[in-house]
Visitor: 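One structure is given below, represented as structure tokens, and several questions about it will come after.
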Amino acid sequence: MEELVSLCKRRGFIFQSSDIYGGLQGMYDYGPLGVELKNNLKAAWWRAMVYERDDVEGLDAAILTNPLTLRYSGHEDTFTDPLVDCRDCKARHRADHLEDDVCPNCGSRNLTDPRPFNLMFRTAVGPVDDGSSFAYLRPETAQAIFTNFKNVIDSTARKLPFGIAQIGKAFRNEITPRNFIFRVREFEQMELEFFVKPGEDEAWHQKWVEDRLDWWVDQGVERNALQLYNVPADELAHYSKATFDVMYKFPHGLEELEGIANRTDFDLGSHTKAQAEFGLHAKVMENRDSNTKLAIRDVEANEWVVPYVIEPSAGVDRGVLAVLNEAYRVEELEDGKTRTVLSFKPHLAPIKAAVLPLKKNHEGIVGKAKGIKRELQALGLGRVLYEDTGNIGKGYRRHDEVGTPICITVDFQTIEDDDTVTVRDRDTMEQKRIAVAELPDYFREVIR
Ligand code: GAP
């Protein structure tokens, strides 16, 4: 983990947030390469979940959430972790993370009894902070999917089964944030709520578990670094009938990367009940019929159905950590030196190709290299970098270390002779000459 954290800072992937003021615990900022990696991971998820399927719609909802949403979802009452204080050193811990009920800070056993601590952040809404008007920062993106359920079916005419996908920030006031970006207070989730007919939920649950394992493998995570954890009944979240956690061998140990829950009709049912019981929507109350429910019409059976929900919910930051950890290696070279490589899958690499001119002051070489950069960039496959630091060997090493799949060197032969360039492969370090005219096809093949 230490090596990864150091590489991430040195090469501009991830920084401690508010670093110059001593940091803010549990918050991280993504730097120039980190933002590319994170965006690429999110884009891969969106492609697989929305574009490559015909049964999923997208959503991007507000982060600040009406407290009633989180009251009726059960989060106000139950979204807690057990908190204990050490009476000797005053440190605070999560009771379920302690070994043998010993304070990890000072070794004392003089701890308070655990008490529930709600993880939701709240903030004042509007200019007067008198406690009467507040909102929660959402602790999961899922709730806005449920509260928008009717909006989406009314505007898209969807039938079961179908899903709503969302990627976005979530906030939890974790008692002990730790392990770099693994457990943080501000993070991103990639969540799908997949609505199915009751009775078909268990088969869909199994299917989604298999699909999600395959997807992580497609992102470069070794299958044998992943394990499934069938969450026992006494550990299930308040909304879940069954959950499989996708566990990954993080540098600090085997921990949850993604949770895939069968949320039944808990959420749609609770929000429907809330509206009916408390008349939250006067208009809805006036015309109370089955339309008021967060339900969908089953035309064949001629009835309203409150769907069950299968929810694959993955952490973006944990995904970034897993992908970095899988890609990271230090290799011994024949000359006794070592090289550090991030062997990302090309679609995740922050920089897809670097174009390096052999001489940075040579007009012909520089012009040609810049032209190649422009042409490859225009293909829209991700960032292509023109870089004229002069030392080609050092350039290759630097790009190995940030995971750039190919480096393209423009030299005298390119402009004076046969219009070819040297293409160097990150993983094999093999170099070959390719005609400039063939570069776009070659590049497309490597990146896709
Ligand atoms: N909507 C369901 C839900 O939020 P969860 O298991 O609490 O379920 C889903 O969270 C995923 O979000 C986790 O598998 C993890 O990847 C990520 N996650 C949760 N808490 C996190 C935290 N404090 N820091 C980073 N990622 C977190």
Side-chain angles (χ1 to χ4, degrees), residues 14 17 24-28 30 38 41-42 45 59 61 63 65 69-70 73-75 78-81 94 96-97 117-121 136-147 163-194 205 208-209 212-213 215-216 219 221 226-231 235-248 250 252 254-264 266-268 270 309-325:
I14 298 163
S17 192
L24 184 57
Q25 219 198 350
M27 313 283 175
Y28 285 90
Y30 286 76
K38 194 184 192 198
L41 188 68
K42 291 191 284 183
W45 187 89
L59 184 76
I63 287 169
T65 305
T69 301
L70 291 156
S73 69
H75 284 79
T78 56
F79 198 61
T80 58
D81 277 338
R94 242 178 88 163
D96 55 334
H97 283 176
F117 171 76
N118 195 295
L119 300 181
M120 289 196 292
F121 282 100
Y136 289 114
L137 276 68
R138 64 185 179 197
E140 60 170 4
T141 71
Q143 287 309 319
I145 297 184
F146 300 127
T147 54
I164 304 178
Q166 179 168 217
I167 299 178
K169 291 268 185 180
F171 299 81
R172 296 183 189 178
N173 197 3
E174 296 283 353
I175 297 169
T176 43
R178 58 182 168 184
N179 294 320
F180 193 33
I181 53 171
F182 176 80
R183 189 178 306 286
V184 282
R185 290 182 168 136
E186 174 176 341
F187 56 98
E188 273 187 276
Q189 291 183 317
M190 307 184 277
E191 296 201 299
L192 173 72
E193 306 305 319
F194 197 76
H205 197 188
W208 273 112
V209 168
R212 295 303 303 148
L213 284 170
W215 185 81
W216 283 112
Q219 309 319 306
V221 179
L226 296 169
Q227 281 182 29
L228 277 182
Y229 177 61
N230 188 353
V231 179
E235 287 178 24
L236 288 173
H238 62 278
Y239 48 72
S240 172
K241 162 179 160 185
T243 297
F244 288 99
D245 284 345
V246 177
M247 310 290 280
Y248 169 71
F250 286 99
H252 61 277
L254 186 70
E255 292 235 42
E256 178 185 336
L257 172 62
E258 168 163 357
I260 305 161
N262 181 343
R263 288 182 87 129
T264 68
F266 177 87
D267 301 88
L268 292 181
S270 310
V309 178
I310 306 302
E311 178 197 61
S313 171
V316 177
D317 310 77
R318 289 187 188 180
V320 166
L321 185 56
V323 161
L324 274 165
N325 187 48

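In listed order, ligands and their atoms are each counted from 1. Here, residue 1 is the first one in the sequence, and each next residue gets the next number. Note that these values count all heavy atoms, side chains included, but never hydrogens, waters or copies made by symmetry.
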Visitor: Near G259, which atoms of ligand 1 are under 4.0 Å from a heavy atom of that residue?
Guide: 14 (O)

Visitor: For ligand 1, which atoms, with element, lie under 4.0 Å from some heavy atom of E256?
Guide: 6 (O), 13 (C), 14 (O)

Visitor: Ignoring hydrogens and angles, state whether a donor on the side chain of N325 or Y248 is under 3.5 Å from an acceptor on the partner side chain.
Guide: yes

Visitor: Nearest protein heavy atom to atom 17 (C) of ligand 1, by residue and atom, and its distance?
Guide: G315 CA, 3.7 Å

Visitor: Does any donor atom in the side chain of W45 or Q219 lie under 3.5 Å from an acceptor atom in the other side chain?
Guide: no

Visitor: Could you check atom 9 (C) of ligand 1 against the protein and tell me its nearest heavy-atom contact, residue, atom and distance included?
Guide: S313 OG, 3.0 Å

Visitor: In the protein, what heavy atom is nearest to atom 25 (C) of ligand 1, and what distance, to one decimal place, separates them?
Guide: F182 O, 3.0 Å

Visitor: Select one of side chain, backbone, both or neither to describe which atoms of T141 lie under 4.0 Å from any atom of ligand 1, heavy atoms only.
Guide: neither

Visitor: Do E191 side-chain atoms and T141 backbone N/O form a donor-acceptor pair below 3.5 Å?
Guide: yes

Visitor: Measure centre to centre between the rings of H252 and F180, then say whether the value is under 6.0 Å.
Guide: no

Visitor: What residue and atom, counting heavy atoms only, is the protein's closest point to atom 10 (O) of ligand 1, and at what distance?
Guide: Q189 NE2, 3.4 Å

Visitor: Between the side chains of E174 and R185, is the shortest nitrogen-to-carboxylate-oxygen separation below 4.0 Å, so that they form an ion pair?
Guide: no

Visitor: Provide the number and element of each atom of ligand 1 under 4.0 Å from a heavy atom of R263.
Guide: 1 (N), 2 (C)

Visitor: Could you tell me whether E258 approaches ligand 1 through its side chain, its backbone, both or neither, with non-hydrogen atoms closer than 4.0 Å?
Guide: backbone

Visitor: Taking distance alone, with N or O pairs closer than 3.5 Å, would you say F187 contacts ligand 1?
Guide: no

Visitor: Taking the side chain from N262 and the backbone from T264, do they hold a donor-acceptor pair closer than 3.5 Å?
Guide: yes

Visitor: Mind checking whether V316 and K42 have side chains closer than 4.5 Å, heavy atoms only?
Guide: yes

Visitor: Does any N or O of ligand 1 fall below 3.5 Å from an N or O anywhere on E174, backbone included?
Guide: yes

Visitor: Could you name the option among R172, E191, E140, R138 that has the heavy atom nearest to atom 7 (O) of ligand 1?
Guide: R172

Visitor: Among all protein heavy atoms in this structure, tell me which lies nearest to atom 15 (C) of ligand 1, with the distance rounded to 0.1 Å.
Guide: R318 NH1, 3.5 Å

Visitor: What part of Y239 sits under 4.0 Å from ligand 1 if we count only heavy atoms: the side chain, the backbone, both or neither?
Guide: side chain

Visitor: Only heavy atoms count here, so choose which of I181, N179, V184, D267 is nearest to atom 23 (N) of ligand 1.
Guide: V184

Visitor: Decide whether a cation-pi geometry holds between R318 and F182; the criteria are a distance under 6.0 Å from NZ or CZ to the six-membered ring centre and an angle within 45° of the ring axis.
Guide: yes

Visitor: Looking only at protein heavy atoms, which one is nearest to atom 16 (O) of ligand 1, and what is the separation?
Guide: L257 O, 2.8 Å

Visitor: Hey, are H97 and R178 close enough side-chain-wise for a donor-acceptor pair under 3.5 Å?
Guide: yes

Visitor: Do ligand 1 and A314 have nitrogen or oxygen atoms that lie under 3.5 Å from each other?
Guide: no

Visitor: Mind checking whether D317 has an N or O less than 3.5 Å away from an N or O of ligand 1?
Guide: no

Visitor: So L257 and F250, side chain to side chain contact (heavy atoms under 4.5 Å, CB included) or not? Walk me through it.
Guide: CA-CA 9 Å; L257 172 62; F250 286 99; 4.1 Å; yes

Visitor: Verify the distance criterion only: is there a donor paired with an acceptor across the side chains of Q143 and Y136 at less than 3.5 Å?
Guide: no

Visitor: Hey, which atoms in ligand 1 end up nearer than 4.0 Å to a heavy atom of E311?
Guide: 1 (N), 2 (C)

Visitor: Please check: side-chain N/O of T147 versus main-chain N/O of I145, any donor-acceptor pairing under 3.5 Å?
Guide: no

Visitor: Using a 4.0 Å cutoff against the non-hydrogen atoms of R183, which atoms of ligand 1 qualify?
Guide: 23 (N), 24 (N)

